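This report concerns only the one structure given below.
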Amino acid sequence: MIDLLKKALSGLDAQQIVSYIVQNYAGRTVFSTSFGIEDQVITEMLSKEPQQVSIFTLETGRLFPETYYVWNRTLERYNLPIKAFYPQTDAVEAMVSDKGPSSFYESVANRKECCFIRKIEPLKRAIKGFDIWITGIRAEQSPNREEMGFLEWDEANSIVKVHPLFYWSLEDVEAFLRQFNVPYNPLHDKGFPSIGCQPCTRAVKKGEDFRAGRWWWEDKSKKECGLHGGS
């Protein structure tokens with residue numbers, strides 16, 4: 001399947017990639033959104049298609065108020081169903097009861113445990129049964145992501161991942177938002193290029209790396225939660 005897709009998608013622009021996937025694999029495709037600017041671009045592109053793919057978001061329970069704001073604006077603007085996947089209640093209760101609500105600051109192991117409970121396990125439920133997973137990943141977002149391609153096989157989840165915006169620059173994304181008046185998270189205007197859970201995300205200072213604001217207390221090499229490569 002991945003070889004067929006590589007041949008079919010080669011040379012297409014982002015909207016054409018989205019259109020091809022929707023037209024040929026709508027019922028087998030899922031799109032994950034965190035309501036960041038890249039995901040908002042993909043949502044705008046999906047809204048132009050006569051058919052729809054399944055859309056989901058991970059509701060970790062620790063999101064910014066601004067994320068909920070743009071979530072509601074997205075629903076109002078596009079009228080597309082977005083399924084929320086929550087962490088398992090028992091797992092959250094056990095972790096917080098045992099280690100407290102902010103154990104992720106204490107060690108990388110604790111942070112990864114929290115990410116697994118709040119993001120990785122719900123993700124596996126969200127993509128189960130689908131063959132293609134569309135994301136808003138761009139190559140320049142982190143060194144780890146530069147090593148990926150716009151199309152890849154995710155061995156851990158047994159699914160093909162398609163990144164229509166992989167070769168887009170931040171300027172490309174911002175220009176698209178302006179052109180189509182796409183709703184976006186106001187935190188992006190306050191120095192937050194990457195927005196995750198509120199306790200684990202801060203604004204990026206001038207000259208810092210794109211993902212410096214995510215898990216800022218950890219070593220630079222650990223800046224992935226496990227959703228998209230790394231560990």
Side-chain angles (χ1 to χ4, degrees), residues 1-2 5 18 21-22 25-36 38-40 42-43 46 49 51-64 67-68 70-72 74-75 78-99 101 103-104 108-137 141 144-145 148 151-164 185 194-201 214-215 222-231:
M1 180 181 182
I2 192 167
L5 279 174
V18 169
I21 296 297
V22 172
Y25 301 97
R28 299 161 61 186
T29 300
V30 65
F31 165 55
S32 58
T33 179
S34 63
F35 305 102
E38 291 83 8
D39 293 336
Q40 292 300 94
I42 299 292
T43 300
L46 286 173
E49 300 299 325
Q51 300 182 69
Q52 287 306 314
V53 302
S54 296
I55 304 175
F56 75 90
T57 191
L58 302 179
E59 170 41 304
T60 66
R62 305 299 296 265
L63 303 179
F64 283 89
T67 300
Y68 296 116
V70 74
W71 185 344
N72 273 323
T74 301
L75 291 173
Y78 300 110
N79 195 32
L80 295 175
I82 301 175
K83 185 172 183 180
F85 280 82
Y86 286 74
Q88 299 283 6
T89 302
D90 290 348
V92 175
E93 288 179 348
M95 176 180 64
V96 175
S97 296
D98 182 40
K99 299 181 179 180
S103 61
F104 41 83
V108 173
N110 280 357
R111 195 270 292 170
K112 288 184 176 182
E113 177 188 28
C114 188
C115 284
F116 180 85
I117 290 172
R118 295 185 186 274
K119 299 171 72 174
I120 307 303
E121 190 281 328
L123 169 77
K124 291 183 180 297
R125 283 186 275 122
I127 64 177
K128 185 178 180 180
F130 291 98
D131 297 321
I132 298 174
W133 173 14
I134 297 176
T135 85
I137 284 177
Q141 288 174 324
N144 174 65
R145 295 179 180 187
M148 299 159 56
L151 185 68
E152 60 174 329
W153 172 249
D154 184 332
E155 185 67 35
N157 294 301
S158 298
I159 196 168
V160 175
K161 294 171 71 174
V162 180
H163 317 304
N185 195 319
S194 178
I195 303 168
C197 291
Q198 187 171 22
C200 301
T201 311
R214 301 294 296 277
W215 311 294
K222 305 294 194 302
K223 295 299 182 73
E224 291 286 355
C225 63
L227 291 180
H228 301 294
S231 57

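We count residues from 1, following the sequence as given. Small disclaimer: the values here were computed from a predicted structure and weren't measured.
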- Show your reasoning for whether side-chain contact (heavy atoms from CB on, under 4.5 Å) applies to S54 and F31. CA-CA 6 Å; S54 296; F31 165 55; over 6 Å; no
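- Summarising the geometry of C114 relative to F104, their closest heavy-atom pair is SG-CD2, 4.0 Å, with the distance given to 0.1 Å.
- When all heavy atoms are compared, the tightest approach of T135 to D39 is C-OD1, 4.5 Å.
- When atom types are taken as modelled, the side chain of D154 and the backbone of A156 share a donor-acceptor pair closer than 3.5 angstrom.
- Counting heavy atoms from C-beta on, the side chains of Q198 and L63 never come closer than 4.5 Å.
- Atoms CZ and OG1, on R62 and T67 in that order, are 13.5 Å from each other to the nearest 0.5 Å.
- Considering OG of S158 and NZ of K128, their distance stands at 12.0 Å, rounded to 0.5 Å.
- For the residue pair I2 and E152, the shortest heavy atom distance occurs at CD1-C, 3.6 Å.
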| task | Check the pair L46, Q52 against side-chain contact (heavy atoms from CB on, under 4.5 Å), reporting the backbone distance first and the verdict last. | result | CA-CA 7 Å; L46 286 173; Q52 287 306 314; 4.1 Å; yes
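- Taking each heavy atom of V18 and P164 in turn, the nearest pair found is CG2-CG, 3.9 Å.
- Counting heavy atoms from C-beta outward, L80 and T43 have side chains that approach closer than 4.5 Å.
- Distance CG/L123 to SG/C115: 12.0 Å, rounded to 0.5 Å.
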Show the numbers, then the answer: is there a side-chain contact (heavy atoms from CB on, under 4.5 Å) between I132 and M1?
-> CA-CA 10 Å; I132 298 174; M1 180 181 182; 3.3 Å; yes
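- For the residue pair S194 and R214, the shortest heavy atom distance occurs at OG-NH1, 2.7 Å.
- S32 approaches F56 most closely through the heavy-atom pair CB-CZ, 3.3 Å.
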Which atom pairs, one a donor and one an acceptor, fall under 3.5 Å between side chains of residues 82-95 and the rest of the protein, sequence neighbours left out?
none

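- A heavy-atom distance below 4.5 Å is found between the side chains of W133 and K161.
- Using modelled atom types and a 3.5 Å distance limit, the side chains of T57 and W71 yield no donor-acceptor pair.
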message: As a quick check of understanding, evaluate side-chain contact (heavy atoms from CB on, under 4.5 Å) for Y25 and Q51, giving each step before the final call.
response: CA-CA 10 Å; Y25 301 97; Q51 300 182 69; over 6 Å; no
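- The backbone N or O of V70 lies less than 3.5 Å from no partner atom in the side chain of N185, so there is not a single donor-acceptor pair.
- At a cut-off of 3.5 Å, with distance as the only test, no side-chain donor of D131 or T29 sits close to an acceptor on the other residue.
- Electrostatic pairing of R118 and E59 does not count as a salt bridge here, judged by no charged N lying under 4.0 Å from a carboxylate O.
- The only option from I134, L151, I21 that meets the side chain to side chain contact (heavy atoms under 4.5 Å, CB included) definition with V160 turns out to be L151.
- With values rounded to the nearest 0.5 angstrom, T201 atom OG1 is found 8.0 Å from I195 atom CD1.
- Side-chain atoms of Q40 and Y78 include no donor-acceptor pair closer than 3.5 Å.
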